[in-house]
*Asks:* 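Take this structure first; my questions come after.
Quick note on labels: first sequence line is chain A, next is B, and so on, each numbered from 1.
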Amino acid sequence: MQPITYDILAYLSENPDAQDSKEGIAEWWLSEQTVKPNMAVVAEALTELVDRGLILARNGKDARTFYKVNRRRMKEISMLLTQFKNSDATND
Amino acid sequence: MIVVTETGEADETFEWLRREANDFINAPLKAGDLVPRVWQLLEHLPHRGQQTQALKEKLGTKLIVGSSPAFLKEIDKIPLLAKCNASVLISGETGTGKEVCARAIHYLSPRANKPFIPLNCGAIPTELVENELFGHERGAFTGARDSQVGLIQEADEGTLFLDEIDCLPLLSQVKLLRFLQEREYRSLGSTKTCRADVRVVAATNSDPEEAVKTGKLRQDLYYRLNVIPLILPPLRERREDIPPLARHFLAKYSAEFDKQVTDFSPEAVQLLISYDWPGNVRELEHVVVRAVVLSTQTIIRDADISVAPRASAALPESFQGAKSRIIAEFEKSYVERVLLMNHGNISRAARAAQKSRRAFWELIRKHHIDVNNLKLRAS
């Protein structure tokens with residue numbers, strides 16, 4: 001899992017009611033440790049998470065998309081986050 | 001401390017918030033005003049100093065670059081605005097950072113872990129706006145096979161940001177006003193009244209008072225939204241911020257595109273400062289991106305900066321030309337306003353303007369004024 005994907009899932013795990021467009025996610029959800037990526041990288045990470053069904057996307061009529069967690073997959077998200085943290089600790 | 005104010009004046013409100021009041025309510029108190037505010041207060045008691053610091057850290061790359069007093073005076077309000085639940089109306093030309101400020105208000109507030117839902121009211125076809133905001137029931141209209149939640153419900157407990165609020169159709173403005181007053185609404189095709197706890201932050205890039213005068217924005221909605229105004233100055237009114245902003249974008253995009261571009265030549269800086277930037281910070285960013293991408297050297301020269309030359313510097317408008325232009329603008333604006341006030345009735349408008357009907361009609365034709373459109377707006 002890429003750090004940015006981890007950041008997004010970690011944020012949603014702690015804030016399951018959060019929802020925003022990619023601009024807000026890039027600016028406010030990513031941890032201070034993550035080097036601020038460009039919008040294309042953020043968009044890629046969000047698309048991957050939507051394709052995996054871990055987050056939901058809503059397309060607004062003004063051509064903007066909002067993202068929020070898929071509450072049915074919270075358990076899986078929690079497991080993925082734990083796995084990432086453990087593998088990160090192993091690599092240190 | 002929660003303050004109950006009688007006057008609702010923005011200056012008085014700010015003064016209380018500066019004196020460490022945590023929130024405010026305009027009198028008269030209504031049932032349901034106090035308890036949610038006390039609850040929020042108990043859950044979150046942010047300190048202003050920490051908030052300002054957090055805001056500067058988060059926004060520094062986009063807005064707090066530079067030291068223009070005009071801009072910092074407005075930015076300084078954001079931690080205060082974040083503390084309370086009141087509606088905010090952000091004014092400013094396109095590209096001045098209205099959405100960035102709206103997000104800052106949300107993410108520094110007790111609603112930070114709830115949804116932030118932005119909507120550009122000017123980017124949606126008129127007939128779809130109401131559905132987008134309030135949602136619909138199954139079968140509400142042809143093609144409505146399933147019910148759909150509107151953005152107001154999506155933003156429940158969070159913040160709804162309505163950009164270009166003056167582009168909202170007048171009927172939707174009425175429904176929005178009711179929602180702001182009662183916290184209740186009905187989705188299309190439903191008889192059930194729904195409730196939602198949403199903070200509304202609105203924005204406009206036109207003069208809101210002018211929008212009220214021309215009938216684009218309802219006066220009662222304007223007063224309801226404009227509890228606390230935030231007015232972002234255009235870039236040309238804070239020219240001292242242009243060099244640091246440009247250097248910030250230069251560093252950002254040099255890294256992103258892996259280019260070895262390190263600075264601007266003095267002539268390039270002068271050109272950047274002298275340009276009026278009608279597109280403001282967003283336009284400056286695009287110009288710098290273009291210069292970085294096309295640059296083959298480490299220093300960006302004035303020839304690499306693609307901005308339109310200032311016409312006023314090369315060819316100043318003649319006195320007669322300026323006078324004619326200003327008179328034409330006045331005539332058109334005056335005739336439109338009088339027609340709106342008289343619901344599009346040309347005879348009544350002519351009498352109000354103390355002109356003959358024929359002379360008034362000539363002005364309508366001269367300025368290509370669409371009377372039918374004004375009648376619709378006035379109704």
Side-chain angles (χ1 to χ4, degrees), chain A residues 2-4 6-46 49-50 54-74 77-78 81, chain B residues 54-55 57-63 97 99-108 111-133 135 148-151 153-164 167 197 251-253 255-258 289:
Chain A
Q2 298 296 322
I4 178 178
Y6 172 87
D7 270 358
I8 294 171
L9 288 179
Y11 187 90
L12 286 168
S13 174
E14 287 171 31
N15 303 281
D17 293 330
Q19 191 174 168
D20 207 334
S21 62
K22 68 176 188 285
E23 291 80 12
I25 290 168
E27 196 60 37
W28 292 93
W29 291 16
L30 305 182
S31 74
E32 296 302 321
Q33 284 75 39
T34 301
V35 172
K36 288 281 187 281
N38 62 44
M39 290 308 295
V41 172
V42 175
E44 260 179 48
L46 290 167
L49 289 170
V50 170
L54 299 175
I55 68 175
L56 302 172
R58 171 177 170 147
N59 295 319
K61 292 289 184 295
D62 61 349
R64 212 173 330 208
T65 305
F66 314 113
Y67 302 91
K68 63 182 179 184
V69 76
N70 183 351
R71 287 179 184 269
R72 292 181 192 173
R73 307 284 292 269
M74 290 300 284
I77 289 170
S78 187
L81 291 172
Chain B
L55 170 67
E57 282 162 8
K58 289 290 184 185
L59 291 187
T61 58
K62 291 203 176 184
L63 293 178
E99 184 164 328
V100 179
C101 285
R103 268 211 181 79
I105 292 169
H106 170 78
Y107 282 103
L108 292 180
R111 294 175 182 266
N113 59 351
K114 300 293 183 185
F116 177 86
I117 305 290
L119 175 68
N120 187 328
C121 301
I124 301 184
T126 310
E127 59 273 18
L128 298 179
V129 168
E130 202 175 321
N131 180 42
E132 187 74 351
L133 275 175
Q148 185 177 35
V149 161
L151 295 185
Q153 197 58 44
E154 288 281 4
D156 192 20
E157 298 185 7
T159 304
L160 178 66
F161 173 56
L162 298 174
D163 198 3
E164 297 195 40
C167 291
D197 170 23
K252 178 180 173 186
Y253 291 107
E256 188 168 316
F257 299 124
D258 199 23
V289 168

*Asks:* So what's closer than 4.5 Å to chain A heavy atoms on B:Glu99: side chain, backbone, both or neither?
*Replies:* side chain
*Asks:* Is B:Ala155 close to chain A through its backbone or its side chain, or both, or neither, when contacts mean heavy atoms under 4.5 Å?
*Replies:* neither
*Asks:* In chain order, what residues pass the ring pair (Phe, Tyr, Trp, His ring centres under 6.0 Å) check against B:Phe116, with sequence neighbours excluded?
*Replies:* B:His106
*Asks:* Are the side chain of B:Glu157 and the backbone N or O of B:Lys114 linked by a donor-acceptor pair below 3.5 Å?
*Replies:* no
*Asks:* Between atom CG of B:Leu133 and atom NZ of A:Lys61, what is the distance when rounded to the nearest 0.5 Å?
*Replies:* 11.5 Å
*Asks:* Using the salt bridge (Lys or Arg N to Asp or Glu O under 4.0 Å) rule, collect all pairs that involve residues 115-128 of chain B, keeping only residues at least two apart or in two chains.
*Replies:* none
*Asks:* Which members of residues 63-73 of chain A, sorted by number, sit under 4.5 angstrom from chain B on a heavy-atom basis?
*Replies:* A:Arg64, A:Phe66, A:Lys68
*Asks:* If I measure from the heavy atoms of chain A, does B:Leu119 come under 4.5 Å with its side chain, its backbone, both, or neither?
*Replies:* both
*Asks:* Going by the rule side-chain hydrogen bond (donor to acceptor under 3.5 Å, both in side chains), which residues pair with A:Asp62 if we only count those two or more places apart in sequence or in a different chain?
*Replies:* none
*Asks:* Could you tell me whether a side-chain N or O of B:Asp197 sits under 3.5 Å from a main-chain N or O of B:Asp156, the two making a donor and an acceptor?
*Replies:* no
*Asks:* Judged by modelled atom types alone, do A:Tyr11 and A:Asp20 share a side-chain donor-acceptor pair under 3.5 Å?
*Replies:* no
*Asks:* Taking B:Leu128, B:Val129, B:Leu151 one by one, which has the highest count of heavy-atom pairs under 4.5 Å against chain A?
*Replies:* B:Leu151
*Asks:* Counting only heavy atoms closer than 4.5 Å, note whether B:Gln148 contacts chain A via side chain, backbone, both or neither.
*Replies:* side chain
*Asks:* Report the C-alpha distance between A:Glu27 and B:Arg103 in whole Å, list the side-chain angles of each, state the deciding distance to 0.1 Å, and finish with yes or no for salt bridge (Lys or Arg N to Asp or Glu O under 4.0 Å).
*Replies:* CA-CA 9 Å; A:Glu27 196 60 37; B:Arg103 268 211 181 79; over 6 Å; no
